[in-house]
Engineer: 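Can you keep this structure in mind? I'll have questions shortly.
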Amino acid sequence: IQQMNVKTAVDEVVDGEKILLPSKDLGTAENIPKKLEHNPNGQFIAVVSEGEYVINTALAWRPKTFGQCMQFVWSHESGGYAVLETPQCIK
């Protein structure tokens with residue numbers, strides 16, 4: 001997984017011109033991600049893959065928590081989330 005900063009791009013870019021952005025390697029994903037989703041305040045990123053999720057910090061890409069899930073959603077409150085672990089269990 002790589003991070004790129006668009007702010008470092010050249011100020012004046014011609015429409016259609018390729019933009020070269022410096023990238024920074026943050027780490028690897030053990031599974032193929034199906035969904036990457038920022039929480040509302042942008043501090044965390046949820047990486048959802050087949051049957052599991054991992055929540056990482058957005059800037060340093062440090063793992064905060066992980067678990068099994070069928071579905072994952074962020075709440076509108078800062079940092080809150082819900083996971084559907086089984087068809088009968090929501091946490």
Engineer: Salt bridge (Lys or Arg N to Asp or Glu O under 4.0 Å): which pairs involve residues 65-75, sequence neighbours left out?
Structural biologist: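 Residue pairs with at least one partner in residues 65-75: there are none.
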
Engineer: Can you name the residues that form a side chain to side chain donor-acceptor pair (under 3.5 Å) with Glu37, not counting sequence neighbours?
Structural biologist: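 Partners of Glu37 under the side chain to side chain donor-acceptor pair (under 3.5 Å) test: Lys35.
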
Engineer: Less than 4.5 Å apart, side chain to side chain, heavy atoms only: is that true for Ile55 and Trp74?
Structural biologist: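 With C-beta onward as the side chain, the pair touches.
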
Engineer: My understanding is that only residues two or more places apart in sequence, or in another chain, count here; which of them pass side chain to side chain donor-acceptor pair (under 3.5 Å) with Gln88?
Structural biologist: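 Expected list: none.
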
Engineer: I need the full list of side chain to side chain donor-acceptor pair (under 3.5 Å) pairs touching residues 52-67, with sequence neighbours left out, sorted by first then second residue.
Structural biologist: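 As it turns out, the side chain to side chain donor-acceptor pair (under 3.5 Å) pairs with a partner in residues 52-67, which skip direct neighbours, are Asn31-Glu52.
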
Engineer: Considering non-hydrogen atoms only, spot the tightest contact between Gly42 and Ala58 and give its length.
Structural biologist: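 Nearest pair, atom of Gly42 first, then Ala58: O-CB, 3.4 Å.
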
Engineer: Would the number of heavy atoms belonging to other residues, nucleotides or ligands and lying under 6.0 Å from CG of Leu36 be above 12?
Structural biologist: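 Yes, because the 6.0 Å sphere around CG of Leu36 holds more than 12 heavy atoms from other groups.
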
Engineer: With sequence neighbours left out, what residues match Glu17 under salt bridge (Lys or Arg N to Asp or Glu O under 4.0 Å)?
Structural biologist: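 By the salt bridge (Lys or Arg N to Asp or Glu O under 4.0 Å) rule, Glu17 matches no residue at all.
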
Engineer: So which atom in Pro40 and which in Ser75 form the shortest heavy-atom distance, rounded to 0.1 Å?
Structural biologist: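 Here Pro40 and Ser75 meet closest at CG-O, 3.1 Å.
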
Engineer: With sequence neighbours excluded, tell me which residues meet side-chain contact (heavy atoms from CB on, under 4.5 Å) with Gln68.
Structural biologist: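 side-chain contact (heavy atoms from CB on, under 4.5 Å) check on Gln68 returns nothing, list empty.
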
Engineer: Mind checking side-chain contact (heavy atoms from CB on, under 4.5 Å) for Lys91 and listing every partner two or more places apart, or none if nothing turns up?
Structural biologist: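 Partners of Lys91 under the side-chain contact (heavy atoms from CB on, under 4.5 Å) test: Val83, Glu85, Cys89.
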
Engineer: Go through the structure and list residues passing side chain to side chain donor-acceptor pair (under 3.5 Å) with Gln2, not counting sequence neighbours.
Structural biologist: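 Side chain to side chain donor-acceptor pair (under 3.5 Å) check on Gln2 returns Asp25.
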
Engineer: Show which residues join Phe66 in its hydrophobic cluster (side-chain heavy-atom contacts under 4.5 Å, direct or indirect), or state none.
Structural biologist: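 Val54, all in the cluster of Phe66.
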
Engineer: Measuring from Ser49:OG to Phe72:CZ, what's the distance to the nearest 0.5 Å?
Structural biologist: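 Between Ser49 OG and Phe72 CZ, I get 12.0 Å after rounding to 0.5 Å.
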
Engineer: Quick one: name the residues clustered hydrophobically with Leu84, using the 4.5 Å side-chain heavy-atom rule over I, L, V, M, F, W, Y, and just say none if it's on its own.
Structural biologist: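 Direct or chained contacts put Leu84 with Met70, Ile90.
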
